[in-house]
Every structure is written in C-alpha cells, then in structure tokens.
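To start, the structure under review is shown below, and the notes come after it.
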Amino acid sequence: ELNDDRLQIIDLSGMSEASLAHLVESPDPCETIINWIQKLVVEADAGKTIDVPPPILSRAFQELSRGMVNLNNVRKIKDIPFPFPYAQMITVM
C-alpha cells in the first residue's frame with residue numbers, strides 16, 4: 001500500500017517570489033514550467049548530480065516534448081469552434 005507521507009510534493013513555498021511573479025505574468029505557464037524542468041535536468045546532468053546515459057536522457061526530453069505537443073493539440077480542440085452547419089446536420093440525422 002502506498003503511504004502519502006513518502007511522496008514528495010512540489011508546492012509554492014519552494015519557489016522564489018521572482019519565479020512566481022514570472023509564472024503569473026507568463027503568457028503560457030505550462031511552457032514556462034517545462035522550460036524550467038528542462039533547464040534543471042540539463043544543469044543536473046552537467047553537474048553530475050544525475051548520472052543518466054544519453055539515450056535515457058534524450059528520451060526524458062522527448063517525453064516532455066510529447067506532453068507539450070499533446071497539450072497544444074488539446075488547446076486547438078478547445079479553441080476552434082465546432083462548425084455550426086455540421087452540428088445542425090448531426091441533429092437532423
């Protein structure tokens with residue numbers, strides 16, 4: 001059984017005031033956070049904080065990228081209205 005006390009939680013207390021202000025003013029907070037994560041991973045790899053083979057590291061970046069692509073696809077679906085004539089034809093059928 002999974003115990004909640006063992007999970008690390010990222011909350012706002014771990015972020016600086018400047019970072020929070022930048023995030024609030026950002027036109028796309030999700031992209032900003034993804035960029036921060038990528039920067040932290042690169043810095044951790046360069047500083048040998050994490051010892052990950054390059055193929056695994058590139059796969060991590062690929063998964064982050066796929067997440068952003070999927071998020072943008074969802075945004076397109078949300079932002080583009082369903083064509084009214086098409087909706088009317090579906091109702092008639």
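The analysis underlying the following values was restricted to heavy atoms, covering all of them including side chains, and did not include hydrogens, waters or symmetry mates. Numbers for residues simply follow the sequence, beginning at 1. Given the structure is predicted, the values throughout are model-derived calculations rather than measurements.
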Report the residues that fulfil side-chain contact (heavy atoms from CB on, under 4.5 Å) with [X], sequence neighbours left out, ordered by chain and then residue number.
X     : answer
Pro53 : Pro55, Ile56
Leu40 : Glu43
Ala60 : none
Phe82 : Tyr86, Ala87, Ile90

Contacts of type side-chain hydrogen bond (donor to acceptor under 3.5 Å, both in side chains), residue Thr91, not counting sequence neighbours: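 With sequence neighbours excluded, Thr91 shows a side-chain hydrogen bond (donor to acceptor under 3.5 Å, both in side chains) to no residue whatsoever.
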Residues which pass side-chain hydrogen bond (donor to acceptor under 3.5 Å, both in side chains) with Ser16, listed by chain and number, not counting sequence neighbours: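 Partners of Ser16 by the side-chain hydrogen bond (donor to acceptor under 3.5 Å, both in side chains) criterion, ordered by chain and then number, come out as Ser19.
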Tell me, which pairs form a salt bridge (Lys or Arg N to Asp or Glu O under 4.0 Å) where one or both residues lie in [range], sequence neighbours left out?
range          : result
residues 67-84 : Asp28-Arg75
residues 84-93 : none
residues 46-60 : Arg59-Glu63

Pairs where residues 30-40 contributes a residue and the test side chain to side chain donor-acceptor pair (under 3.5 Å) is met, not counting sequence neighbours: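 Side chain to side chain donor-acceptor pair (under 3.5 Å) check on residues 30-40 returns Ser26-Thr32.
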Spatial distance of atom CG (Asn73) from atom CZ (Arg66) [nearest 0.5 Å]: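 Interatomic distance, Asn73 CG to Arg66 CZ, rounded to 0.5 Å: 11.5 Å.
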CG-CG distance between Leu57 and Asp45, expressed to the nearest 0.5 angstrom: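 Output value for this atom pair is 5.0 Å.
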Glu17 atom CD: more than 12 heavy-atom contacts under 6.0 Å: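 Not buried by this count: 12 neighbours or fewer within 6.0 Å.
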Atom of Ile33, atom of Leu23 and distance for their closest heavy-atom approach: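 So the two residues come closest at CG1-CD1, 3.8 Å.
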